[in-house]
Q: 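Input: one structure, supplied below.
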Amino acid sequence: MKNIQLRKARKDDVPAINNILNYAIMNTNYNLNEKPRTLEDAYKWYDEHMTEGYPVYVAEVDGKVEGWASLSHFRAYSGYDTTAEVSVYVDKNYRHKGLGTLLVTELERDASRFHTLIAVITDNNTASISLHSRCGFVPMCTMRELAKKNNEYVDITFMTKRINKK
Ligand SMILES: CC(C)(COP(=O)(O)OP(=O)(O)OC[C@H]1O[C@@H](n2cnc3c(N)ncnc32)[C@H](O)[C@@H]1OP(=O)(O)O)[C@@H](O)C(=O)NCCC(=O)NCCS
């Protein structure tokens with residue numbers, strides 16, 4: 001691949017980010033929503049991340065956004081403010097070429113205010129488990145039938161990485 005650029009996401013990247021996400025929603029159980037996210041909700045998601053200081057990065061290949069990654073609030077209790085949840089999505093035509101690894105590595109550089117990063121992964125998502133292992137995340141547990149998509153229960157693996165000793 002030529003001309004890969006990693007950078008912070010801008011507001012005008014939101015439609016491309018949302019298309020990549022919605023492909024995963026509609027074609028896999030790796031994202032546990034069942035309906036595509038509207039563009040309006042995607043802009044809201046972006047604005048909330050910017051307001052709350054949670055990073056969103058994109059990977060451009062030859063000037064087009066082909067992947068993105070973000071950190072998000074993990075759970076709505078203040079005690080969890082030291083943990084952030086990783087999301088990473090790569091366009092189907094650009095997978096297995098290293099973009100996911102580049103994106104998670106870049107995110108981590110912007111994550112020093114957190115103590116722990118967590119990835120919540122559908123247990124059949126071998127690509128995501130490999131990616132996070134490669135980036136130093138450790139599988140902590142697999143919870144059986146924790147979610148349901150398209151009438152099938154789904155096992156969920158939690159992987160974490162301690163990134164800041166404070
Ligand atoms: C998971 C995902 C982000 C990985 O991104 P990627 O750019 O393909 O990952 P990389 O090329 O950096 O590869 C990272 C690791 O994953 C492995 N991998 C990538 N695609 C794979 C596949 N289809 N099957 C098995 N392993 C795969 C690579 O071999 C590498 O592992 P290694 O170091 O052991 O060789 C991408 O597959 C994706 O977007 N999937 C759909 C959305 C998704 O599942 N997001 C994560 C939700 S938790």
Side-chain angles (χ1 to χ4, degrees), residues 1-33 36-74 82-140 156-164:
M1 276 189 301
K2 291 182 187 164
N3 295 326
I4 298 172
Q5 195 198 348
L6 296 177
R7 59 167 175 79
K8 288 189 174 180
R10 303 184 303 252
K11 199 156 187 166
D12 63 352
D13 296 320
V14 169
I17 289 171
N18 208 39
N19 285 340
I20 294 169
L21 175 81
N22 281 338
Y23 181 86
I25 290 176
M26 297 313 288
N27 293 285
T28 72
N29 68 357
Y30 304 156
N31 178 297
L32 287 158
N33 284 315
R37 184 173 66 179
T38 64
L39 199 48
E40 187 186 355
D41 283 349
Y43 280 116
K44 205 170 140 202
W45 166 89
Y46 177 83
D47 287 342
E48 282 169 2
H49 275 67
M50 296 305 104
T51 306
E52 294 169 13
Y54 284 91
V56 183
Y57 280 86
V58 294
E60 278 186 344
V61 182
D62 295 332
K64 184 165 176 279
V65 171
E66 304 292 4
W68 62 272
S70 65
L71 294 179
S72 302
H73 206 260
F74 175 53
T82 53
T83 294
E85 182 173 346
V86 177
S87 298
V88 53
Y89 288 80
V90 172
D91 181 274
K92 63 181 186 317
N93 297 315
Y94 285 85
R95 292 184 192 155
H96 224 158
K97 297 175 191 291
L99 282 188
T101 303
L102 287 173
L103 280 161
V104 172
T105 305
E106 190 69 20
L107 256 191
E108 266 188 48
R109 293 205 185 99
D110 211 346
S112 57
R113 76 180 167 105
F114 299 106
H115 185 60
T116 301
L117 299 184
I118 186 164
V120 180
I121 304 173
T122 304
D123 193 48
N124 64 351
N125 192 350
T126 48
S128 186
I129 289 172
S130 296
L131 161 63
H132 286 91
S133 299
R134 184 184 206 173
C135 293
F137 287 66
V138 176
M140 302 308 293
I156 303 292
T157 295
F158 289 78
M159 297 182 76
T160 63
K161 180 171 182 180
R162 181 83 44 81
I163 55 162
N164 185 335

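For clarity, every value in this text was computed on a predicted model and none was experimentally measured. For the single chain, residues carry numbers from 1 onward in sequence order.
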Q: Apply salt bridge (Lys or Arg N to Asp or Glu O under 4.0 Å) to E85 and list each qualifying residue two or more places apart in sequence or on a separate chain.
A: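 E85 satisfies salt bridge (Lys or Arg N to Asp or Glu O under 4.0 Å) with no residue once adjacent residues are dropped.
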Q: Starting from the C-alpha separation in whole Å, work towards a yes-or-no answer on side-chain contact (heavy atoms from CB on, under 4.5 Å) for V86 and I118.
A: CA-CA 6 Å; V86 177; I118 186 164; over 6 Å; no
Q: Is the closest side-chain heavy-atom distance between V88 and H132 below 4.5 Å?
A: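 Result yes, sub-4.5 Å side-chain heavy-atom pair found.
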Q: Go through the structure and list residues passing salt bridge (Lys or Arg N to Asp or Glu O under 4.0 Å) with D41, not counting sequence neighbours.
A: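 Partners of D41 under the salt bridge (Lys or Arg N to Asp or Glu O under 4.0 Å) test: none.
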Q: Please walk me through it: do R37 and N22 pass side-chain contact (heavy atoms from CB on, under 4.5 Å)?
A: CA-CA 7 Å; R37 184 173 66 179; N22 281 338; 3.8 Å; yes
Q: Restricting to non-hydrogen atoms, name the atom on S128 and the atom on I121 that form the minimum distance, rounded to 0.1 Å.
A: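 Nearest pair, atom of S128 first, then I121: OG-CD1, 3.6 Å.
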Q: Report the C-alpha distance between V58 and R7 in whole Å, list the side-chain angles of each, state the deciding distance to 0.1 Å, and finish with yes or no for side-chain contact (heavy atoms from CB on, under 4.5 Å).
A: CA-CA 6 Å; V58 294; R7 59 167 175 79; 3.5 Å; yes
Q: Tell me, with the steps shown, if I17 and V56 meet side-chain contact (heavy atoms from CB on, under 4.5 Å).
A: CA-CA 10 Å; I17 289 171; V56 183; 4.2 Å; yes
Q: In Å and rounded to the nearest 0.5 Å, what is the CG to CD distance from L103 to E106?
A: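 Output value for this atom pair is 8.0 Å.
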Q: Looking only at non-hydrogen atoms, find the nearest pair between A9 and Y46 and report the distance.
A: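 Minimum heavy-atom contact is O-OH, 2.9 Å.
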Q: Where is the tightest heavy-atom contact between F137 and E108, given as atom of each residue plus distance?
A: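 It is CE1-OE2, 3.9 Å.
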Q: Once you measure the plane-to-plane angle for F114 and Y54, does it fall in the parallel (<30°), tilted (30-60°) or perpendicular (>60°) bin?
A: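 Geometry flag for Y54 against F114: parallel rings.
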Q: What pairs meet the ring-ring contact (aromatic ring centres under 6.0 Å, His included) rule with one or both residues in residues 86-111, with sequence neighbours excluded?
A: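 Qualifying pairs, neighbours excluded: W68-Y89.
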Q: What distance do N18 atom CG and L39 atom CG have between them, rounded to the nearest 0.5 Å?
A: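 Spacing of CG (N18) from CG (L39) equals 6.0 Å.
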Q: Mind checking the OG-CE spacing from S133 to M159? Nearest 0.5 Å is all I need.
A: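 Here the rounded value is 3.5 Å.
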Q: Atom CG of D91 and atom CG of N19: how far apart are they, to the nearest 0.5 Å?
A: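 That separation rounds to 9.5 Å.
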Q: Where the side chain of D13 meets the backbone of R10, is there a donor-acceptor pair that is under 3.5 Å apart?
A: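 Answer holds: yes.
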Q: Would you say the side-chain atoms of R95 pair up with the backbone N or O of A127, donor to acceptor, closer than 3.5 Å?
A: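 Between the backbone of A127 and the side chain of R95 there is no qualifying donor-acceptor contact (under 3.5 Å).
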Q: If the threshold is 4.0 Å, N to carboxylate O, is there a salt bridge linking D110 and K8?
A: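 K8 and D110: salt-bridged.
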Q: Contact between V61 and L99 at the side-chain level, heavy atoms closer than 4.5 Å - yes or no?
A: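 When only atoms from C-beta onward are counted, L99 and V61 do touch, with a gap below 4.5 Å.
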Q: Tell me the closest heavy-atom pair linking S72 and H49, and the distance in Å.
A: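 So the two residues come closest at OG-NE2, 2.8 Å.
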Q: Assess, by modelled atom type and distance only, whether the side chains of N164 and S112 contain a donor and an acceptor separated by less than 3.5 Å.
A: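 Short answer, no.
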Q: Heavy atoms only: give me the nearest E66-I20 pair and the separation to one decimal.
A: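 Heavy-atom minimum between the residues: C-CD1, 3.6 Å.
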Q: Using the salt bridge (Lys or Arg N to Asp or Glu O under 4.0 Å) criterion, which residues pair with R162? Sequence neighbours excluded.
A: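 Salt bridge (Lys or Arg N to Asp or Glu O under 4.0 Å) list for R162, sorted by chain: empty.
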Q: What's the spacing between N3 CG and K64 NZ if we round to 0.5 Å?
A: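 The CG atom of N3 sits 14.5 Å away from the NZ atom of K64.
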Q: Within a strict 4.5 Å, meaning less than it, do heavy atoms of the F74 and T116 side chains meet?
A: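 Side-chain contact under 4.5 Å: no.
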Q: Does any part of the side chain of L32, heavy atoms only, come nearer than 4.5 Å to the side chain of I156, both counted from C-beta?
A: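 Side chain of I156 against side chain of L32, heavy atoms only: contact under 4.5 Å found.
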Q: Looking only at atom types and distance, does a side-chain atom of T122 sit under 3.5 Å from a main-chain N or O of N29, one as donor and one as acceptor?
A: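 Between the backbone of N29 and the side chain of T122 there is a qualifying donor-acceptor contact (under 3.5 Å).
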Q: What pairs with N27 under side-chain hydrogen bond (donor to acceptor under 3.5 Å, both in side chains), at least two apart in sequence or on another chain?
A: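 Testing N27 for side-chain hydrogen bond (donor to acceptor under 3.5 Å, both in side chains), a comparison that skips the adjacent residues, returns none.
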Q: Can you establish whether the number of heavy atoms outside E52 located under 6.0 Å from its atom CD is more than 12?
A: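 Result for CD/E52: enclosed.
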Q: Could you pull out all residues at least two apart from D62 that satisfy salt bridge (Lys or Arg N to Asp or Glu O under 4.0 Å)?
A: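 Testing D62 for salt bridge (Lys or Arg N to Asp or Glu O under 4.0 Å), a comparison that skips the adjacent residues, returns none.
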Q: Let me confirm one number: the CG-OG1 distance from N125 to T157, rounded to the nearest 0.5 Å.
A: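 Going from the CG atom of N125 to the OG1 atom of T157 covers 9.5 Å.
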Q: Over all heavy atoms of both residues, which pair between D123 and I129 is shortest? Give the atoms and the distance, please.
A: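 Closest heavy-atom pair between D123 and I129: O-CD1, 3.8 Å.
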Q: How about N124 and Y30: do any of their side-chain heavy atoms sit closer than 4.5 Å?
A: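 Yes, side chains in contact.
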